[in-house]
2 protein chains.
Amino acid sequence: ALAPRLAAVNAALRPVLASGSPRRRELIAQLGLAAEVIKSTFEEDLNKAAFAGAGEYAAATAAKKAEEVARRAEAQGRLVVGADTVVESPGGVVLEKPADAADAKRMLFELSGATHRVHTGVALVLPGESAARTFHETTEVTFGELDEQAVDQYIASGDPFDKAGSYGIQGAAGVFVSSIHGCYFNVVGFPMHRFHNELAVLIDSEGLLPEDAD
Amino acid sequence: ALAPRLAAVNAALRPVLASGSPRRRELIAQLGLAAEVIKSTFEEDLNKAAFAGAGEYAAATAAKKAEEVARRAEAQGRLVVGADTVVESPGGVVLEKPADAADAKRMLFELSGATHRVHTGVALVLPGESAARTFHETTEVTFGELDEQAVDQYIASGDPFDKAGSYGIQGAAGVFVSSIHGCYFNVVGFPMHRFHNELAVLIDSEGLLPEDAD
């Protein structure tokens, strides 16, 4: 398990989070990982059609973010974590951040009264390696039937504009969600449970902690 | 729908929340309901064996809380909302708040590597009525396999002691949870989506808003 060794992880691997999302930073802190944020400059312009699914696309984007940051001088000898969250509409289309209010409204009504999928891809670049280990986690999210006035109010609040799919489950849009199936924190932006387990396995298999008392 | 009429609801019904839980108060504020907290003195001592299930027990407890507050002079003419959240172990036993650290540890290992159910009962007492309308919402929560050192660390943080089932999904225990099925906010303590819909139906069927522009 990772939790009892988090202090050692923080000291030995000096983790870096290659993402500027404040929600993601909070979830990683909640996990006990003391990560420094070094935002990636990767353009997030991979060709979606080249991937088997939206989850694979998110994982590849997360890897590009992590690898870009891992090449920098200040990241040498450190664990770099990249992440990317995408919303896949009920019709199977990847929803980006909305361009404007009309775009947000269109997206929210695509989600209304239906189930869509949220994928977060995560990539870890280990000290001394150039390629990332990646995985993605998927959560199903079901919206109730949305009311036009409620949607207009939500859009007027400004909350949708920095969010893929035009909503944040942790804010005022939480009331739109009747049910989810999977990891809630994955929808917010980081799959805490899965990440914890994947990192624990990696640390053990790679012997990343020099003096491991576990 | 309720959302466009929340200002009217707040003005006409001056809602009261008959619960002292800060988490529940936050969720109700997130919903847009401006509720005054008047904590119930109900002892929460109903006989669990008298109910068909843990959800019905939670709903009845919520009703007792709401009805006690609704009888007070300061609640006359107002909408009173009661709520009660219970955790039902994988073996079907209602888990209360832990008595001490050993009790918390026992409960957390009952939840480890298994799926349990969280029920929140909600009761609404309408202005001029003595009996509450009640419902309950159920969410399934699946924990990964817990590590003893991680559990000890979590208990040492003090977080479990004011929480039924010895954990709060919104805090450091979030990493224990691999998956949920149902409403996340119901696990935190208040089923926002369901409550919104139930209140909207009640307001319409009872004509509770005197000048309804909807």
Side-chain angles (χ1 to χ4, degrees), chain A residues 1-7 26-33 112 137-154 156-157 159 168-188 190-197 199-200 213-214, chain B residues 1-7 26-33 112 137-154 156-157 159 168-188 190-197 199-200 213-214:
Chain A
L2 183 64
R5 298 181 295 167
L6 277 168
E26 278 170 29
L27 290 174
I28 283 178
Q30 191 172 327
L31 195 66
L33 209 65
S112 175
E137 179 84 6
T138 299
T139 304
E140 292 183 345
V141 180
T142 303
F143 271 37
E145 296 285 347
L146 300 185
D147 173 85
E148 185 164 8
Q149 285 177 281
V151 168
D152 287 343
Q153 276 190 349
Y154 178 56
S157 78
D159 198 53
I169 194 170
Q170 70 282 0
V175 71
F176 298 160
V177 178
S178 60
S179 177
I180 76 168
H181 196 175
C183 176
Y184 168 79
F185 304 103
N186 192 51
V187 183
V188 179
F190 200 74
M192 290 203 295
H193 182 81
R194 175 82 179 273
F195 174 80
H196 177 281
N197 289 355
L199 182 57
D214 196 49
Chain B
L2 183 63
R5 297 182 295 168
L6 277 168
E26 278 171 30
L27 290 175
I28 283 177
Q30 192 171 327
L31 195 65
L33 209 66
S112 175
E137 178 83 7
T138 299
T139 304
E140 293 184 344
V141 180
T142 303
F143 271 37
E145 295 286 346
L146 300 185
D147 173 85
E148 183 164 9
Q149 287 176 282
V151 168
D152 287 343
Q153 275 190 349
Y154 178 56
S157 77
D159 198 53
I169 194 170
Q170 71 281 1
V175 71
F176 297 162
V177 178
S178 59
S179 177
I180 76 168
H181 197 175
C183 176
Y184 168 79
F185 304 103
N186 192 50
V187 183
V188 179
F190 200 74
M192 291 205 293
H193 182 81
R194 175 82 179 272
F195 173 81
H196 177 280
N197 289 356
L199 182 57
D214 196 47

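Below, chain A is the first sequence line, B the second, and so on; all start at residue 1. Side chains included, hydrogens not; waters and symmetry mates left out as well; all remaining heavy atoms used.
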Margin query: Less than 4.5 Å to any heavy atom of chain A: does that hold for the side chain of B:V177, its backbone, both, or neither?
Written below: backbone
Note to self: At a 4.5 Å cut-off on heavy atoms, which part of A:Q170 comes close to chain B: side chain, backbone, both, or neither?
What the structure shows: backbone
Item checked: Nearest heavy-atom neighbours spanning B:S178 and A:C183 -> O-CB, 3.8 Å
Note to self: Heavy-atom cut-off 4.5 Å, strictly under: side chain, backbone, both or neither for B:F176 against chain A?
What the structure shows: backbone
Check: Checking heavy atoms, do the side chain of A:L31, its backbone, both or neither come under 4.5 Å from chain B?
Finding: side chain
Next item on the list: Select, from B:E145, B:H196, B:E137, B:Q30, the one with the greatest count of heavy-atom pairs under 4.5 Å involving chain A.
Entry: B:Q30
Notebook entry, point to check: So which of A:G182, A:S179, A:G144 has the largest heavy-atom pair count under 4.5 angstrom toward chain B?
Noted result: A:G182
Next item on the list: Look at B:T139, B:N197, B:I169 and state which one has the largest set of heavy-atom pairs under 4.5 Å with chain A.
Entry: B:I169
Note to self: Only pairs of heavy atoms separated by less than 4.5 Å count here; which of B:G174, B:P191, B:G32, B:A150 has the most with chain A?
What the structure shows: B:G174
Notebook entry, point to check: Using 30° and 60° as the class limits, which term best fits the ring planes of A:Y184 and B:Y184: parallel, tilted or perpendicular?
Noted result: parallel
Note to self: Looking at chain B, which one of A:N186, A:L27, A:T142, A:I180 has the largest number of heavy-atom pairs inside 4.5 Å, strictly under?
What the structure shows: A:I180
Notebook entry, point to check: Which residue out of B:R194, B:E140, B:E148, B:Q153 racks up the most heavy-atom pairs below 4.5 Å with chain A?
Noted result: B:Q153
